[in-house]
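Chain naming here is simple, since letters A, B, ... match the order of the sequence lines and numbering starts at 1 in each.
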Amino acid sequence: MNAPQKAKDLAPLPYRILDDEEKVRKAVAIIREKAAESRMFKLAMECCTKCGACINACHSYLGTEDPYNIPTKRADLVRSVYKQEIMPLSGVLGKVAGGIGVSAELLEKWFTYFYQCNQCRRCALVCPFGIDTAEVSIMVRQILAELGMVPRFTVGIVKNMANTGNNMGIAKPALLDSCEFLEEEMYEETGIKIRIPVDEEADIMYVPSSADFFVNTNTMIGVAKMYHAAGIKWTIPSEIIEAANFGLFFDEKVMKEHNRRLLDCAKKLKAKKIVQGECGHGWRAARMYTDGLNGPVDVEIRHIHEEAAYFIARGIIKVDPEKNGDIVYTYHDPCNLARAGDIIEEPRFILRHVVKNFVEMTPNREENFCCGAGSGLLMEEIMETRMKLGKVKAEQVKKTGADYVVAPCSICKAQLPLVFEYYNLPVEMSGLMDLVGKAIIL
Amino acid sequence: MKHFVVGVLPYLTFLILVFGLIYRIRGWYASKVKYQLNLFPAPDTPGGEILKEILFFKTLYRFERPLWVMSYGFHLGIFLIFIGHIAGIAFAGHQFTLFGATPEQSEKLSFAFGMLAGTLAFFGALALLLRRLSGQVKQVSDPWDYIDLLLILAIVTTGNAMRTLAPVELFAVKKYFADLFSLRPINYELPTAFVIHYFFGQILLMYLPFSKLLHLAGGLINKAIILTGDGKAKLLKL
Ligand code: HEM
């Protein structure tokens, strides 16, 4: 068992650390509350027939071979309490249905196993009833948060976000510095002054991933080159240079606050369109949750791949696949982009224009497997588990025989190189806008 | 005891089933759907997809073919049994005369359909039980998962027995239900095989609203959430 370290101090989250007795006392009432707030969670608790279709659909189970990582068995960790305490006639039927009461030990088990679920939603795809263990996982992490159990890593992210508007804790001067640095780099490469405008009024507000300023800089460069070539005015909001919304994984309040900040910035910069960068779950949060969190809104919300595909299709930008060489590329569908976010064909359309050799991995599109770090499982201390969660992905990539994996999501970008190294796969990896940037004709 | 099962329990069963269903389904609809939770690609007609799910068990067919064979056979059996009970009892086996068959032909057809349905349900349930007893699926099973299947097997087995080993006069059953529905006293004997079958059947109906067997409603409500997109237009149709 490999669980993330728990935070000892939850600020700025509005929760506090509870002792075991208090946790156990409060748990059932909170489960009941969540069941009233999410029909999907309630139905998952009440309607699973235990048919087992999800067993071999889950990379977490396939990689760890731990039965508690079977989606329905993971959900059973809560369902057993639900059956005992909440289902109608639970007093009579609960025990035989495998019902158990809450204990501090059980809560620890929740913490371990719901932080081995990547919330990738592949189980929801294969379940005849669409029962979504990601939704269960989101709810249970919320319950755990309200009981004072949150990973230290996650609290750190929330703290950075509250202080600086991004997960890495980049302050505005540092942001301006690195934009300048990237502009210089582009100038050296192309001889053209390509800007990365910050906090300027523009129709398009682009929300990158904060990692794009330090680790995945080519993604940022690709975006800047693209808007330059398209001749469109755009800007980056210094108050939220973070597409990622970790609240989606575990806390509705955090998610709502992030989303509000996003919309506020758009208003301030008079943007008509928010364009989300290469971040899987951030896209899901913005595309699928905005209306429910802070809606209705009049700003258009798009993904950078929608923009790029549109520009290429309409001839607004020109690309030359020769520039990305003869090597063989394959595409990893980030779960939240594809299954949960409808960005499925755009990346393929773009890839076919910017590289010469592109092969699909199997399965792909909405059936693709997770990289193994989805839902923010980027903690150092669970590296062993993370590598197991990445096992299926490594096997998939190996089978393609490709030299290069395109994975347009910051979490995938942080996880996959480690997975490839661990499984001895000599493949390179980057985002998709990186390749657009290289192929673009300026 | 026999009198209780045929004269009193049915009214209780009816009340528990109806109020149980209302209670459970109201509970689901009282719970909120705050966000857009569908999966992609979203079908153009979610209703059509749900229909395919009901008629063909499309998702199982796509992802779990061996289970689909067992499950589809089993459910088709249950469905035919359901229809067969209504038609067979209401017309005492003469339902096919409506389509031009003679009474004798109709009884034979009724028997044949009964055989088909009973066999599908029996072997389907047996296959599902054996599957559940082995390996991977055993790991995710609770006592109730077995009890559900055993209960259904008990009903199907006694039902099959009434068709083959201990035949029951359908006219008698029809008269009984007519009396039951018009609240007339049931002061006559019914065959023991029927009473046993009927007893298990009522247990199933009473238990149905409080168990996973309500997947036929809850599962489809959930599937509808997964399948219903928000209809937002794409920037580029690909
Ligand atoms: C529209 C109606 C229904 C649909 C779409 C449906 C669908 C399904 C599906 C997809 C499964 C999972 C696969 C499996 O284990 O077989 C299942 C399981 C099951 N269904 Fe249904 N079902 C329906 C109605 C019913 C009814 C009326 C009954 C009987 C009262 C029933 C009894 C069962 C049982 C007992 C199982 C569990 C089988 C096992 O233990 O493996 N179903 N159903």
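- For A:Arg284, the part sitting under 4.5 Å from any heavy atom of chain B is the side chain, from C-beta outward, and nothing else.
- A:Thr49 touches chain B through backbone and side chain together, each having a heavy atom under 4.5 Å away.
- Although no hydrogens or angles enter the test, the distance criterion places no donor-acceptor pair under 3.5 Å between the side chain of B:Glu49 and the main chain of B:Leu227.
- In summary, the aromatic rings of B:Tyr198 and B:Phe194 are positioned with their centroids under 6.0 Å apart.
- For the 3.5 Å distance criterion, the side chains of A:Asn69 and A:Thr64 qualify, holding a donor opposite an acceptor.
- Of the atoms belonging to A:Ala36, it is backbone heavy atoms, and not side-chain ones, that fall under 4.5 Å from chain B.
- By the 6.0 Å and 45° rule, A:Lys34 does not stack over the aromatic ring of A:Phe41.
- Remark: A:Arg348 is not positioned above the aromatic ring of A:Tyr331, lacking an NZ or CZ atom under 6.0 angstrom from the ring centre and at most 45 degrees off the axis.
- Against chain A, no residue from residues 116-126 of chain B qualifies, as none has a non-hydrogen atom under 4.5 angstrom away.
- The backbone N or O of A:Ala44 sits less than 3.5 Å from a side-chain atom of A:Arg79, completing a donor-acceptor pair.
- Ring-plane geometry between A:Phe369 and A:His59 is classed as perpendicular, the angle between the planes exceeding 60 degrees on a 0 to 90 degree scale with a lower cut at 30.
- When every heavy atom of B:Tyr11 is checked against every heavy atom of B:Leu180, the shortest pair comes out as OH-O, 2.8 Å.
- Remark: the backbone N or O of B:Lys212 is paired with a side-chain donor or acceptor of B:His215 at under 3.5 angstrom.
- If you measure heavy-atom distances from A:Phe349 to chain B, the contacts under 4.5 Å come from the side chain alone.
- With a threshold of 4.5 angstrom between heavy atoms, A:Glu33 does not approach chain B through any atom at all.
- Within the 4.5 angstrom heavy-atom criterion, only backbone atoms of A:Ala35 (N, CA, C, O) approach chain B.
- The candidate with the highest count of non-hydrogen atom pairs below 4.5 Å against chain B, out of A:Glu367, A:Arg365, A:Glu366, A:Glu46, is A:Glu46.
- Within the 4.5 angstrom heavy-atom criterion, only side-chain atoms of A:Ile70, from C-beta onward, approach chain B.
- Between the side chain of B:Thr45 and the backbone N or O of B:Gly47, no donor-acceptor pair lies under 3.5 Å.
- We find the CD1-CD1 distance between B:Ile147 and B:Ile203 to be 12.0 Å, quoted to the nearest 0.5 Å.
- The greatest number of non-hydrogen atom pairs below 4.5 Å with chain A, out of B:Pro41, B:Gly27, B:Ser31, B:Ala224, is found for B:Ser31.
- Contact annotation for A:Ala338: only backbone heavy atoms (N, CA, C, O) come within less than 4.5 Å of a heavy atom of chain B.
- Aromatic ring centres of B:Trp144 and B:Phe210: separated by at least 6.0 Å.
- If you take CG on A:Leu248 and CE on A:Met288, they are separated by 11.0 Å, rounding to the nearest 0.5 Å.
- In terms of modelled atom types and a separation under 3.5 Å, the side chain of B:Trp68 and the main chain of B:Phe56 share a donor-acceptor contact.
- Looking at B:Asp148, there are no atoms closer than 4.5 Å to chain A (heavy atoms on both sides), in backbone or side chain.
- For the pair B:His85 (side chain) and B:Ile81 (backbone), a donor-acceptor distance under 3.5 Å is present.
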Would you check, one step at a time, whether the test side chain to side chain contact (heavy atoms under 4.5 Å, CB included) holds for B:Leu220 with B:Ile54?
CA-CA 8 Å; B:Leu220 295 173; B:Ile54 297 175; 3.8 Å; yes
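- Both the backbone and the side chain of B:Ile221 have a heavy atom closer than 4.5 Å to some heavy atom of chain A.
- Using a 4.5 Å cut-off between heavy atoms, A:Lys50 contacts chain B through both its backbone and its side chain.
- When all heavy atoms of A:Ala53 and B:Glu64 are compared, the closest pair comes out as CB-CG, 3.6 Å.
- Of the two parts of A:Asp342, the backbone and the side chain both hold a non-hydrogen atom closer than 4.5 Å to a non-hydrogen atom of chain B.
- The shortest side-chain heavy-atom distance between A:Tyr113 and A:Asp66 falls under the 4.5 Å cut-off.
- Side-chain rings of A:Trp234 and A:Tyr227 approach one another, their centers coming within less than 6.0 Å.
- Heavy atoms closer than 4.5 Å to chain B are found in the side chain of A:Arg314, but not in its backbone.
- Top candidate by heavy-atom pairs under 4.5 Å with chain B, chosen from A:Glu306, A:Lys73, A:Arg339, A:Glu345, is A:Arg339.
- Between chain B and the residues A:Ile343, A:Asp76, A:Ile55, A:Thr72, the most heavy-atom pairs under 4.5 angstrom are made by A:Ile55.
- Looking at A:Tyr61, only its side chain comes within 4.5 Å of chain B, counting heavy atoms on both sides.
- The CZ atom of B:Arg163 sits 10.5 Å away from atom OG1 of B:Thr158, with the distance rounded to the nearest 0.5 Å.
- Interatomic distance, NE2 of A:His281 versus SG of A:Cys120, reported as 15.0 Å (0.5 Å rounding).
- B:Phe181 and B:Phe177 have tilted rings, their planes meeting at an angle from 30° to 60° on a 0 to 90° scale.
- Side chain of B:Asp145 to backbone of B:Asp142: a donor-acceptor contact under 3.5 angstrom is found.
- Residue contact with chain A, scored on non-hydrogen atoms closer than 4.5 Å, involves the backbone and the side chain of B:Phe40 alike.
- Using a 4.5 Å cut-off between heavy atoms, B:Gln136 touches chain A through backbone and side chain atoms alike.
- By a heavy-atom distance cut of under 4.5 Å, B:Asp230, B:Lys232, B:Ala233, B:Lys234, B:Leu235, B:Leu236 are the residues of residues 229-237 of chain B near chain A, going up by number.
- For chain B, the nearby parts of A:Glu307 are the backbone and the side chain; heavy atoms of each come within less than 4.5 Å.
- Taking the side chain as every heavy atom from C-beta outward, A:Thr133 and A:Cys54 never approach each other to under 4.5 Å.
- One N or O on the side chain of A:Asn245 and one on the backbone of A:Met255 form a donor-acceptor pair closer than 3.5 Å.
- If you measure heavy-atom distances from A:Cys127 to chain B, the contacts under 4.5 Å come from the backbone alone.
- Scanning residues 18-25 of chain B against chain A with a 4.5 Å heavy-atom cutoff picks out B:Tyr23, B:Arg24, ordered by number.
- By number of non-hydrogen pairs under 4.5 angstrom with chain A, the leading residue of B:Leu39, B:Ile226, B:Leu60 is B:Leu39.
- Under the 3.5 Å distance criterion, the side-chain polar atoms of A:Trp283 are left unmatched by any main-chain donor or acceptor of A:Gln276.
- One N or O on the side chain of A:Asp132 and one on the backbone of A:Ala134 form a donor-acceptor pair closer than 3.5 Å.
- Inspection of non-hydrogen atoms places A:Leu293, A:Glu300, A:Arg302 of residues 293-305 of chain A under 4.5 Å from chain B.
- Atom OH of residue B:Tyr35 and atom CD1 of residue A:Ile138 lie 10.0 Å apart, to the nearest 0.5 angstrom.
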